[in-house]
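Single-structure report; data block below.
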Amino acid sequence: MSDLGNKKVMSDNIQYYLNKNGITRKKLSADLDISYSTLSSWLQADSYPRIDKIEMMANYFGVSKADLVENHEKEIVTNYFSKKPRMIPLIGTIAMGVPITAEQNIEKYIPEYMMDKYIDDTLFALRCKGNSMYPLIPNGAIATIKQQPDVEDGEIAAVLIDGEATLKKILHVGKTVVLRPANPEYKDIILDKDHPGTILGKMIKYEVNFD
């Protein structure tokens with residue numbers, strides 16, 4: 001069965017050849033005169049390039065169009081794990097439920113694989129504590145955060161409130177931001193001009209039982 005049109009396969013293959021050749025998204029965008037937002041959309045598997053753009057990228061990487069279109073997942077995964085991991089700073093603790101003051105010093109660095117799609121982004125990790133996001137995120141999980149000033153509705157963000165960090169789903173209601181726990185036993189936190197907070201970034205993954 002053909003993988004033509006499979007956005008995830010195309011995303012993985014473009015990222016693989018970027019990594020293999022040591023090319024950044026910005027350089028590929030500039031060299032091929034492709035807008036950065038369009039390239040990002042392909043790499044996030046939100047859209048699929050036209051055939052002329054596939055041919056252009058294939059020529060640029062020195063591969064066939066099939067190398068970009070077909071699924072090479074096993075080979076890609078093997079190559080990812082043969083590389084050195086990206087070391088992400090683990091910064092303090094995220095409060096979930098009863099807030100706990102976030103420690104701003106780096107506890108240690110933790111290895112992360114397959115983070116190349118975030119090569120241009122600042123990533124950090126925080127330790128989750130509490131049950132307000134249970135069962136979605138368990139107590140003790142390590143959350144990896146992509147630093148950014150805002151997130152979309154329904155996404156999970158790390159938010160700083162009065163020097164304390166919390167992990168919640170985000171909802172925008174006019175100029176008000178609602179921090180919603182996954183656990184119905186906990187109440188929403190409302191952010192407005194009288195109760196301000198700062199979004200630190202979006203959670204992109206979490207791990208449990210990290211030693």
Side-chain angles (χ1 to χ4, degrees), residues 1-88 111-125 136-137 141-158 167-172 180 182 199-207:
M1 181 176 179
S2 173
D3 290 307
L4 182 63
N6 188 317
K7 291 181 284 189
K8 182 63 168 61
V9 168
M10 176 60 67
S11 167
D12 289 342
N13 287 340
I14 296 173
Q15 189 64 66
Y16 171 71
Y17 286 110
L18 284 174
N19 298 338
K20 183 176 181 180
N21 293 281
I23 299 169
T24 66
R25 297 185 187 189
K26 290 180 180 178
K27 179 171 173 55
L28 179 63
S29 173
D31 287 350
L32 297 186
D33 195 24
I34 298 170
S35 75
Y36 189 83
S37 60
T38 296
L39 178 60
S40 295
S41 180
W42 298 342
L43 287 165
Q44 292 165 8
D46 291 331
S47 64
Y48 194 85
R50 299 195 312 263
I51 189 66
D52 61 315
K53 301 300 184 185
I54 296 174
E55 184 170 8
M56 184 185 299
M57 287 188 289
N59 291 336
Y60 181 81
F61 291 128
V63 299
S64 69
K65 292 192 292 292
D67 288 325
L68 291 176
V69 170
E70 295 176 358
N71 191 345
H72 308 290
E73 182 177 1
K74 184 175 181 181
E75 177 185 356
I76 290 172
V77 170
T78 298
N79 278 277
Y80 265 123
F81 284 93
S82 68
K83 295 173 58 179
K84 290 183 178 179
R86 179 172 176 177
M87 303 305 290
I88 307 291
E112 289 283 6
Y113 293 89
M114 303 180 77
M115 288 285 111
D116 294 295
K117 67 184 296 184
Y118 302 105
I119 191 170
D120 297 323
D121 300 308
T122 298
L123 303 179
F124 59 93
L136 189 61
I137 304 170
I142 300 293
T144 300
I145 310 296
K146 173 179 173 286
Q147 185 174 327
Q148 58 187 69
D150 200 5
V151 301
E152 300 293 329
D153 283 350
E155 293 182 328
I156 297 173
L167 193 70
K168 296 288 186 293
K169 284 187 177 181
I170 298 294
L171 295 173
H172 296 87
R180 178 152 296 170
I199 293 177
L200 301 175
K202 179 177 73 172
M203 189 190 79
I204 57 175
K205 61 167 288 190
Y206 73 86
E207 294 182 0

Could you grab the distance from atom [atom1] of [X] to atom [atom2] of [Y], nearest 0.5 Å is fine?
{"X": "Arg180", "Y": "Asp153", "atom1": "CZ", "atom2": "CG", "value": "10.0 Å"}
{"X": "Leu68", "Y": "Glu55", "atom1": "CG", "atom2": "CD", "value": "11.0 Å"}
{"X": "Met56", "Y": "Leu32", "atom1": "CE", "atom2": "CG", "value": "6.0 Å"}

List for me each residue that meets side chain to side chain donor-acceptor pair (under 3.5 Å) alongside [X], sequence neighbours excluded, and say none if there are none.
{"X": "Asp150", "answer": "His172"}
{"X": "Ser41", "answer": "Ser47"}
{"X": "Gln44", "answer": "none"}
{"X": "Ser40", "answer": "none"}

Does a donor on one side chain sit under 3.5 Å from an acceptor on the other, for Asn19 and Gln15? yes
Looking only at non-hydrogen atoms, find the nearest pair between [X] and [Y] and report the distance.
{"X": "Ile170", "Y": "Ala157", "value": "CG1-CB, 3.6 Å"}
{"X": "Ala125", "Y": "Ile142", "value": "CB-CG2, 3.9 Å"}
{"X": "Leu167", "Y": "Ala143", "value": "CD2-CB, 4.5 Å"}
{"X": "Gly154", "Y": "Leu171", "value": "N-CD2, 4.2 Å"}

Sorted by chain and residue number, the ring-ring contact (aromatic ring centres under 6.0 Å, His included) partners of Tyr118 (sequence neighbours excluded) come out as none
Go through the structure and list residues passing side chain to side chain contact (heavy atoms under 4.5 Å, CB included) with [X], not counting sequence neighbours.
{"X": "Asp31", "result": "Lys27, Tyr60"}
{"X": "Ser35", "result": "Ser37, Thr38"}
{"X": "Thr144", "result": "Glu112, Ile204, Lys205"}
{"X": "Leu136", "result": "Met133, Ile156, Lys169, Ala182"}

Residue pairs passing the salt bridge (Lys or Arg N to Asp or Glu O under 4.0 Å) test with at least one member in residues 33-51, sequence neighbours excluded, are Arg50-Asp52
Minimum side-chain heavy-atom gap Ile51-Lys65 below 4.5 Å: yes
Is the shortest heavy-atom distance from the side chain of Tyr17 to the side chain of Ile23 under 4.5 Å?
no
Polar side-chain atom of Asn13 near backbone of Met10 as donor-acceptor pair, under 3.5 Å
no
Residue set satisfying salt bridge (Lys or Arg N to Asp or Glu O under 4.0 Å) with Glu155, at least two apart, ordered chain then number -> Lys202
